[in-house]
Amino acid sequence: MPRALISGITGQDGLYLAELLLDKGYEVFGLMRGQNNPKRELVETTVPGVKILTGDLTDLSSLLRALESSQPDEFYNLGAISFVAYSWENAHLTSEVTGMGVLNALEAVRLYSHDDPKKVRFYQASSSEMFGKVQTVPQNEDTLLWPRSPYGVAKVYGHYMTINYRESYGMHASSGILFNHESPRRGPEFVTRKVTQAVARISLGLQQDITLGNLDARRDWGFAGDYVDAMWRMLQQDEADDYVISTNETHEIRELLDLAFRAVNIDDWVPYVKQDPRFMRPAEVDLLIGDSTKARSVLGWEPKVDFPSLVSMMVENDVAEQKRLARI
(Lines give C-alpha, C1' and ligand atoms only; values in the text may rest on other atoms or scores of the structure.)
Protein backbone atom coordinates (compact mmCIF):
# COMPACT_ATOMS: atom_id res chain seq x y z
CA MET A 1 0.00 0.00 0.00
CA PRO A 2 1.58 3.33 -1.03
CA ARG A 3 1.74 6.03 1.62
CA ALA A 4 1.33 9.78 1.20
CA LEU A 5 1.78 12.79 3.48
CA ILE A 6 -0.17 15.98 2.67
CA SER A 7 0.49 19.37 4.20
CA GLY A 8 -2.39 21.81 3.79
CA ILE A 9 -4.85 18.96 4.29
CA THR A 10 -7.58 21.37 5.48
CA GLY A 11 -7.75 23.29 2.17
CA GLN A 12 -9.85 22.42 -0.86
CA ASP A 13 -6.85 20.85 -2.64
CA GLY A 14 -5.87 18.81 0.39
CA LEU A 15 -9.37 17.39 0.75
CA TYR A 16 -9.76 16.54 -2.95
CA LEU A 17 -6.28 15.04 -3.12
CA ALA A 18 -6.90 12.94 -0.02
CA GLU A 19 -10.11 11.59 -1.58
CA LEU A 20 -8.25 10.75 -4.80
CA LEU A 21 -5.41 8.97 -3.02
CA LEU A 22 -7.71 7.03 -0.71
CA ASP A 23 -9.67 5.85 -3.76
CA LYS A 24 -6.37 4.66 -5.28
CA GLY A 25 -5.61 2.58 -2.19
CA TYR A 26 -3.11 4.88 -0.48
CA GLU A 27 -2.60 5.21 3.22
CA VAL A 28 -2.95 8.97 3.66
CA PHE A 29 -1.56 11.18 6.41
CA GLY A 30 -2.57 14.80 6.80
CA LEU A 31 -0.35 17.41 8.45
CA MET A 32 -2.31 19.85 10.59
CA ARG A 33 -1.05 22.79 12.62
CA GLY A 34 -2.16 22.92 16.27
CA GLN A 35 -3.95 20.48 18.54
CA ASN A 36 -7.19 22.48 18.47
CA ASN A 37 -7.31 23.34 14.79
CA PRO A 38 -10.90 24.48 14.01
CA LYS A 39 -10.81 22.61 10.69
CA ARG A 40 -9.95 19.26 12.22
CA GLU A 41 -13.61 18.22 12.28
CA LEU A 42 -13.94 19.14 8.59
CA VAL A 43 -11.10 16.78 7.69
CA GLU A 44 -12.38 13.99 9.93
CA THR A 45 -15.86 14.27 8.41
CA THR A 46 -14.89 14.73 4.75
CA VAL A 47 -12.01 12.25 4.55
CA PRO A 48 -12.34 9.99 7.60
CA GLY A 49 -9.69 7.64 6.22
CA VAL A 50 -6.93 10.23 6.69
CA LYS A 51 -4.63 9.87 9.70
CA ILE A 52 -3.96 13.32 11.16
CA LEU A 53 -0.49 14.33 12.32
CA THR A 54 0.40 17.63 13.98
CA GLY A 55 3.15 19.72 12.46
CA ASP A 56 4.06 23.16 11.18
CA LEU A 57 5.86 24.20 8.00
CA THR A 58 7.83 26.74 10.02
CA ASP A 59 9.15 24.03 12.36
CA LEU A 60 11.65 21.67 10.73
CA SER A 61 11.71 19.25 13.66
CA SER A 62 7.93 18.76 13.49
CA LEU A 63 8.20 17.94 9.80
CA LEU A 64 10.89 15.35 10.49
CA ARG A 65 8.66 13.78 13.14
CA ALA A 66 5.76 13.67 10.69
CA LEU A 67 7.95 11.97 8.08
CA GLU A 68 9.16 9.40 10.61
CA SER A 69 5.57 8.70 11.67
CA SER A 70 4.08 8.45 8.20
CA GLN A 71 7.08 7.00 6.29
CA PRO A 72 5.59 8.29 3.03
CA ASP A 73 6.40 7.39 -0.54
CA GLU A 74 5.02 10.77 -1.60
CA PHE A 75 4.89 14.18 0.13
CA TYR A 76 2.48 16.77 -1.27
CA ASN A 77 3.32 20.23 0.06
CA LEU A 78 0.05 22.15 -0.31
CA GLY A 79 0.38 24.14 2.90
CA ALA A 80 0.60 27.94 2.55
CA ILE A 81 -0.96 31.23 3.51
CA SER A 82 -2.80 31.31 0.21
CA PHE A 83 -5.07 34.37 0.32
CA VAL A 84 -3.25 36.90 -1.87
CA ALA A 85 -4.89 40.01 -0.38
CA TYR A 86 -3.73 39.06 3.12
CA SER A 87 -0.12 38.83 1.98
CA TRP A 88 0.13 42.62 1.78
CA GLU A 89 -1.14 42.88 5.35
CA ASN A 90 1.40 40.37 6.68
CA ALA A 91 4.21 39.93 4.18
CA HIS A 92 6.57 38.53 6.81
CA LEU A 93 4.32 35.69 7.95
CA THR A 94 3.40 34.91 4.34
CA SER A 95 7.10 34.68 3.48
CA GLU A 96 7.81 32.45 6.49
CA VAL A 97 5.04 29.94 5.72
CA THR A 98 4.61 30.10 1.93
CA GLY A 99 8.31 30.59 1.13
CA MET A 100 10.53 29.30 3.94
CA GLY A 101 8.02 26.55 4.66
CA VAL A 102 8.95 24.98 1.32
CA LEU A 103 12.64 25.01 2.26
CA ASN A 104 11.82 23.35 5.57
CA ALA A 105 9.74 20.67 3.82
CA LEU A 106 12.48 19.96 1.27
CA GLU A 107 15.20 19.85 3.92
CA ALA A 108 13.11 17.54 6.08
CA VAL A 109 12.66 15.15 3.16
CA ARG A 110 16.39 15.31 2.36
CA LEU A 111 17.39 14.53 5.95
CA TYR A 112 14.77 11.80 6.32
CA SER A 113 15.84 10.12 3.06
CA HIS A 114 19.53 9.82 4.11
CA ASP A 115 21.51 8.33 1.20
CA ASP A 116 18.47 7.67 -1.03
CA PRO A 117 17.48 11.11 -2.45
CA LYS A 118 14.50 9.68 -4.36
CA LYS A 119 13.09 7.80 -1.37
CA VAL A 120 10.22 10.29 -1.05
CA ARG A 121 8.73 11.89 -4.14
CA PHE A 122 7.98 15.56 -3.43
CA TYR A 123 5.29 17.81 -4.89
CA GLN A 124 5.39 21.58 -4.48
CA ALA A 125 2.24 23.64 -5.03
CA SER A 126 3.50 26.52 -7.16
CA SER A 127 1.10 29.17 -8.43
CA SER A 128 0.18 31.19 -11.50
CA GLU A 129 0.50 34.25 -9.24
CA MET A 130 4.24 33.86 -9.83
CA PHE A 131 3.72 35.19 -13.37
CA GLY A 132 2.19 38.40 -12.02
CA LYS A 133 2.99 41.12 -14.55
CA VAL A 134 2.85 38.63 -17.38
CA GLN A 135 5.62 38.80 -19.97
CA THR A 136 4.05 36.44 -22.50
CA VAL A 137 0.49 35.33 -23.24
CA PRO A 138 -0.32 32.54 -22.59
CA GLN A 139 2.07 31.54 -19.79
CA ASN A 140 4.01 28.26 -19.85
CA GLU A 141 6.86 26.67 -17.93
CA ASP A 142 9.44 28.95 -19.60
CA THR A 143 7.65 32.27 -19.02
CA LEU A 144 9.62 34.82 -16.98
CA LEU A 145 8.30 35.11 -13.44
CA TRP A 146 7.33 38.64 -12.31
CA PRO A 147 5.30 38.33 -9.08
CA ARG A 148 3.10 41.25 -8.03
CA SER A 149 2.30 40.36 -4.41
CA PRO A 150 4.20 39.14 -1.34
CA TYR A 151 2.35 35.85 -1.84
CA GLY A 152 3.62 35.58 -5.41
CA VAL A 153 7.18 36.41 -4.33
CA ALA A 154 7.05 33.72 -1.63
CA LYS A 155 5.77 31.18 -4.15
CA VAL A 156 8.63 32.04 -6.53
CA TYR A 157 11.11 31.36 -3.73
CA GLY A 158 9.55 27.97 -3.00
CA HIS A 159 9.40 27.14 -6.70
CA TYR A 160 13.07 27.80 -7.35
CA MET A 161 14.10 26.11 -4.10
CA THR A 162 12.29 22.97 -5.30
CA ILE A 163 14.19 23.10 -8.59
CA ASN A 164 17.44 23.68 -6.69
CA TYR A 165 16.94 20.65 -4.42
CA ARG A 166 16.11 18.53 -7.47
CA GLU A 167 19.26 19.63 -9.26
CA SER A 168 21.57 19.76 -6.22
CA TYR A 169 20.58 16.57 -4.39
CA GLY A 170 18.92 14.45 -7.09
CA MET A 171 15.56 14.51 -5.32
CA HIS A 172 12.37 13.56 -7.16
CA ALA A 173 10.87 17.03 -6.60
CA SER A 174 8.25 18.45 -8.97
CA SER A 175 6.30 21.70 -9.01
CA GLY A 176 2.80 22.16 -10.33
CA ILE A 177 2.26 25.73 -11.51
CA LEU A 178 -1.48 25.68 -10.97
CA PHE A 179 -3.69 28.40 -12.35
CA ASN A 180 -6.79 29.44 -10.39
CA HIS A 181 -8.81 26.41 -9.38
CA GLU A 182 -12.09 26.57 -7.52
CA SER A 183 -14.77 24.36 -6.01
CA PRO A 184 -17.63 24.36 -3.51
CA ARG A 185 -14.89 23.82 -0.90
CA ARG A 186 -13.17 27.11 -1.74
CA GLY A 187 -12.90 29.57 1.16
CA PRO A 188 -15.45 32.42 1.12
CA GLU A 189 -12.66 35.02 1.09
CA PHE A 190 -11.78 34.08 -2.53
CA VAL A 191 -13.65 35.99 -5.22
CA THR A 192 -15.32 32.99 -6.88
CA ARG A 193 -16.81 31.65 -3.63
CA LYS A 194 -17.56 35.17 -2.42
CA VAL A 195 -19.64 35.65 -5.57
CA THR A 196 -21.44 32.29 -5.56
CA GLN A 197 -22.23 32.52 -1.84
CA ALA A 198 -23.57 36.07 -2.22
CA VAL A 199 -25.62 35.14 -5.29
CA ALA A 200 -27.18 32.26 -3.36
CA ARG A 201 -28.08 34.57 -0.47
CA ILE A 202 -29.43 37.28 -2.79
CA SER A 203 -31.65 34.74 -4.57
CA LEU A 204 -33.05 33.65 -1.18
CA GLY A 205 -33.65 37.21 0.04
CA LEU A 206 -30.95 36.90 2.70
CA GLN A 207 -28.64 39.58 1.26
CA GLN A 208 -29.15 42.76 -0.78
CA ASP A 209 -25.93 43.09 -2.77
CA ILE A 210 -22.23 42.22 -3.07
CA THR A 211 -19.19 44.53 -3.05
CA LEU A 212 -16.22 43.68 -5.25
CA GLY A 213 -13.02 45.28 -6.54
CA ASN A 214 -11.74 45.06 -10.12
CA LEU A 215 -14.40 43.57 -12.42
CA ASP A 216 -12.06 43.56 -15.42
CA ALA A 217 -9.46 41.16 -14.01
CA ARG A 218 -9.17 37.98 -16.08
CA ARG A 219 -8.29 34.53 -14.76
CA ASP A 220 -7.86 30.98 -16.01
CA TRP A 221 -10.30 29.13 -13.72
CA GLY A 222 -10.57 25.35 -13.40
CA PHE A 223 -12.01 22.79 -10.99
CA ALA A 224 -9.83 21.83 -8.02
CA GLY A 225 -10.95 18.21 -8.25
CA ASP A 226 -9.42 18.01 -11.74
CA TYR A 227 -6.18 19.69 -10.70
CA VAL A 228 -5.28 17.31 -7.86
CA ASP A 229 -5.23 14.50 -10.42
CA ALA A 230 -2.44 16.39 -12.19
CA MET A 231 -0.48 16.55 -8.92
CA TRP A 232 -0.66 12.79 -8.54
CA ARG A 233 0.33 12.19 -12.16
CA MET A 234 3.48 14.31 -11.71
CA LEU A 235 4.75 12.06 -8.94
CA GLN A 236 4.17 8.93 -11.03
CA GLN A 237 6.70 10.05 -13.66
CA ASP A 238 10.17 8.52 -13.79
CA GLU A 239 11.75 11.97 -13.84
CA ALA A 240 10.66 14.97 -11.79
CA ASP A 241 9.77 18.17 -13.64
CA ASP A 242 7.62 21.32 -13.51
CA TYR A 243 4.22 21.62 -15.19
CA VAL A 244 1.69 24.37 -15.84
CA ILE A 245 -1.82 23.14 -15.00
CA SER A 246 -4.59 25.23 -16.56
CA THR A 247 -7.69 25.19 -18.74
CA ASN A 248 -6.04 27.39 -21.42
CA GLU A 249 -9.06 29.73 -21.26
CA THR A 250 -9.50 33.09 -19.55
CA HIS A 251 -12.63 34.74 -18.15
CA GLU A 252 -13.43 38.13 -16.68
CA ILE A 253 -14.98 38.67 -13.26
CA ARG A 254 -17.96 39.99 -15.24
CA GLU A 255 -18.37 36.58 -16.89
CA LEU A 256 -18.29 34.96 -13.47
CA LEU A 257 -21.11 37.30 -12.40
CA ASP A 258 -23.09 36.58 -15.59
CA LEU A 259 -22.98 32.82 -15.02
CA ALA A 260 -23.54 32.93 -11.26
CA PHE A 261 -26.60 35.21 -11.38
CA ARG A 262 -28.01 33.35 -14.38
CA ALA A 263 -27.86 30.14 -12.31
CA VAL A 264 -30.49 31.67 -9.99
CA ASN A 265 -32.52 33.15 -12.88
CA ILE A 266 -31.33 36.75 -12.49
CA ASP A 267 -30.42 38.17 -15.90
CA ASP A 268 -29.18 41.63 -14.86
CA TRP A 269 -26.67 41.63 -11.99
CA VAL A 270 -25.76 45.33 -12.17
CA PRO A 271 -28.26 46.43 -9.44
CA TYR A 272 -26.79 43.87 -7.05
CA VAL A 273 -23.05 44.55 -7.52
CA LYS A 274 -21.10 47.43 -5.98
CA GLN A 275 -17.42 48.32 -6.37
CA ASP A 276 -15.12 49.56 -3.62
CA PRO A 277 -11.48 50.69 -4.06
CA ARG A 278 -10.63 48.89 -0.81
CA PHE A 279 -10.98 45.59 -2.67
CA MET A 280 -8.50 46.63 -5.38
CA ARG A 281 -5.02 45.10 -5.17
CA PRO A 282 -2.07 47.51 -4.65
CA ALA A 283 -0.46 45.87 -7.70
CA GLU A 284 -3.03 44.12 -9.87
CA VAL A 285 -2.50 40.99 -11.92
CA ASP A 286 -4.68 41.78 -14.91
CA LEU A 287 -4.48 38.71 -17.14
CA LEU A 288 -3.60 35.11 -16.39
CA ILE A 289 -4.05 32.35 -18.97
CA GLY A 290 -2.05 29.15 -18.92
CA ASP A 291 -0.63 26.91 -21.60
CA SER A 292 -0.81 23.37 -20.23
CA THR A 293 0.39 21.68 -23.42
CA LYS A 294 3.27 19.97 -21.61
CA ALA A 295 1.01 18.49 -18.92
CA ARG A 296 -1.45 17.26 -21.51
CA SER A 297 1.22 15.57 -23.64
CA VAL A 298 3.53 14.20 -20.91
CA LEU A 299 1.08 13.47 -18.09
CA GLY A 300 -1.96 12.66 -20.23
CA TRP A 301 -3.91 15.15 -18.11
CA GLU A 302 -6.74 17.41 -19.17
CA PRO A 303 -9.48 19.26 -17.27
CA LYS A 304 -12.93 17.68 -17.29
CA VAL A 305 -15.11 20.45 -15.77
CA ASP A 306 -15.58 23.59 -17.89
CA PHE A 307 -16.08 27.10 -16.50
CA PRO A 308 -19.90 27.31 -16.80
CA SER A 309 -20.27 23.90 -15.14
CA LEU A 310 -17.90 24.93 -12.35
CA VAL A 311 -19.85 28.11 -11.57
CA SER A 312 -23.17 26.25 -11.66
CA MET A 313 -21.78 23.59 -9.32
CA MET A 314 -20.66 26.21 -6.82
CA VAL A 315 -23.91 28.20 -6.94
CA GLU A 316 -26.04 25.07 -6.49
CA ASN A 317 -23.92 24.05 -3.50
CA ASP A 318 -24.22 27.50 -1.92
CA VAL A 319 -27.97 27.72 -2.46
CA ALA A 320 -28.40 24.38 -0.70
CA GLU A 321 -26.03 25.40 2.09
CA GLN A 322 -27.70 28.78 2.67
CA LYS A 323 -31.15 27.15 2.72
CA ARG A 324 -29.91 24.74 5.36
CA LEU A 325 -28.32 27.47 7.46
CA ALA A 326 -31.42 29.69 7.22
CA ARG A 327 -33.72 26.69 7.70
CA ILE A 328 -35.67 27.58 4.58
Side-chain angles (χ1 to χ4, degrees), residues 6-19 30-34 36-47 50 52 56-57 76-90 93-94 97-98 101 125-129 149-152 154-155 176 178-202 206-207 210-214 217 219-228 231 245 251 253 256-257 260 276 278-279 281 285 288 305 307 310-322 324-325:
I6 303 172
S7 67
I9 188 69
T10 62
Q12 63 165 1
D13 291 7
L15 294 172
Y16 281 115
L17 178 61
E19 286 178 336
L31 192 68
M32 189 176 295
R33 186 168 60 88
N36 298 311
N37 193 304
K39 291 189 175 180
R40 186 184 185 102
E41 185 179 354
L42 171 67
V43 175
E44 291 174 338
T45 302
T46 307
V47 280
V50 170
I52 296 173
D56 193 317
L57 287 173
Y76 296 85
N77 184 39
L78 312 184
I81 292 177
S82 57
F83 186 43
V84 177
Y86 176 76
S87 72
W88 277 285
E89 297 177 25
N90 202 328
L93 182 61
T94 299
V97 177
T98 306
S126 290
S127 167
S128 61
E129 288 286 332
S149 67
Y151 169 79
K155 280 292 186 182
L178 271 59
F179 279 66
N180 294 64
H181 46 290
E182 318 298 321
S183 76
R185 293 172 177 168
R186 189 57 137 159
E189 68 272 23
F190 292 88
V191 67
T192 47
R193 187 75 193 287
K194 180 179 178 179
V195 166
T196 61
Q197 199 172 73
V199 166
R201 290 179 57 81
I202 289 168
L206 301 173
Q207 184 171 323
I210 178 176
T211 303
L212 300 171
N214 181 14
R219 294 290 184 271
D220 184 328
W221 277 300
F223 173 50
D226 289 340
Y227 284 36
V228 298
M231 300 176 188
I245 304 300
H251 304 275
I253 301 291
L256 169 64
L257 291 166
D276 190 323
R278 290 179 300 170
F279 292 99
R281 291 185 178 188
V285 174
L288 289 174
V305 178
F307 185 59
L310 172 63
V311 177
S312 295
M313 175 201 308
M314 293 176 67
V315 172
E316 288 173 12
N317 173 82
D318 281 327
V319 168
E321 182 180 87
Q322 292 302 317
R324 184 174 66 254
L325 292 173

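Sequential numbering from 1 along the given sequence is applied to the chain's residues.
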TODO: Would you please name every residue forming a side chain to side chain donor-acceptor pair (under 3.5 Å) with Gln12, sequence neighbours left out?
DONE: Ser183

Open item on the list: Applying salt bridge (Lys or Arg N to Asp or Glu O under 4.0 Å), can you list everything that pairs with Asp220, at least two apart in sequence or on another chain?
Closed with: none

- [ ] State, yes or no, whether a side-chain contact exists between Leu288 and Glu129 at a heavy-atom distance under 4.5 Å.
- [x] yes

- [ ] Write down the atom of Ala198, the atom of Ile210, and the distance for their closest heavy-atom approach.
- [x] CB-CD1, 3.6 Å

TODO: Measure the spacing between CZ of Arg186 and NZ of Lys194 and express it to the nearest 0.5 Å.
DONE: 14.0 Å

TODO: Hey, could you give me the CZ/OH distance between Phe179 and Tyr227, rounded to the nearest 0.5 Å?
DONE: 8.5 Å

TODO: To the nearest 0.5 Å, tell me how far Met32 CE sits from Ile52 CD1.
DONE: 4.0 Å

Open item on the list: Looking at every non-hydrogen atom in both residues, tell me the closest pair between Gly79 and Ser7 and how far apart they are.
Closed with: N-OG, 3.2 Å

TODO: For residues Glu19 and Thr46, determine if any side-chain heavy atom of one lies less than 4.5 Å from a side-chain heavy atom of the other.
DONE: yes

Task: Asn317 side chain reached by Thr196 side chain, heavy atoms, under 4.5 Å - done: no

TODO: Can you sort out the partners of Gln207 under side chain to side chain donor-acceptor pair (under 3.5 Å), two or more places apart, ordered by chain and number?
DONE: Arg201

TODO: Applying side chain to side chain contact (heavy atoms under 4.5 Å, CB included), name anything that partners Ala125, two or more places apart in sequence or on another chain.
DONE: Leu78, Tyr123, Lys155

TODO: Could you list the residues that satisfy side chain to side chain donor-acceptor pair (under 3.5 Å) with Asp56, not counting sequence neighbours?
DONE: Thr58

TODO: Might you point out which heavy atoms bring Leu310 and Gly222 nearest each other, and give the distance in Å?
DONE: CD2-O, 3.3 Å

TODO: Return yes if some donor-acceptor pair links the side-chain N/O of Asn180 with the main-chain N/O of Trp221 below 3.5 Å, else return no.
DONE: no

Task: For the student: nearest non-hydrogen atoms of Ala18 and Val47, plus distance - done: CB-CG1, 3.9 Å

- [ ] Mind checking salt bridge (Lys or Arg N to Asp or Glu O under 4.0 Å) for Glu316 and listing every partner two or more places apart, or none if nothing turns up?
- [x] none

- [ ] Apply ring pair (Phe, Tyr, Trp, His ring centres under 6.0 Å) to Phe190 and list each qualifying residue two or more places apart in sequence or on a separate chain.
- [x] Phe83

TODO: Ignoring hydrogens and angles, tell me if any N or O in the side chain of Asp226 forms a donor-acceptor pair with the backbone of Val305 under 3.5 Å.
DONE: yes

Open item on the list: Working to the nearest 0.5 angstrom, can you tell me the gap between Thr10 OG1 and Arg33 CZ?
Closed with: 9.0 Å

Open item on the list: Arg193 and side-chain contact (heavy atoms from CB on, under 4.5 Å): which single residue from Glu182, Met314, Arg185 fits?
Closed with: Met314

Task: Val84 to Ser87 - nearest heavy-atom pair and separation - done: O-OG, 2.6 Å

Open item on the list: Nearest 0.5 angstrom please: Ile81 CD1 to Asn90 CG, how far?
Closed with: 6.5 Å

- [ ] Please examine the side chains of Val195 and Leu257, heavy atoms only from C-beta on, and report whether any two atoms are closer than 4.5 Å.
- [x] yes

Task: Ile9 vs Leu31 side-chain heavy atoms within contact, under 4.5 Å - done: no

- [ ] Can you sort out the partners of Phe223 under ring pair (Phe, Tyr, Trp, His ring centres under 6.0 Å), two or more places apart, ordered by chain and number?
- [x] Tyr16

Open item on the list: What I'd like to find out is whether the side chain of Thr192 reaches to under 4.5 Å of the side chain of Leu256, using heavy atoms alone.
Closed with: yes

Open item on the list: I'd like to check the side chain to side chain contact (heavy atoms under 4.5 Å, CB included) partners of Leu325; sequence neighbours left out, ordered by chain and number.
Closed with: Glu321, Gln322

Task: Set of residues satisfying side chain to side chain donor-acceptor pair (under 3.5 Å) with respect to Asp13, sequence neighbours excluded - done: His181

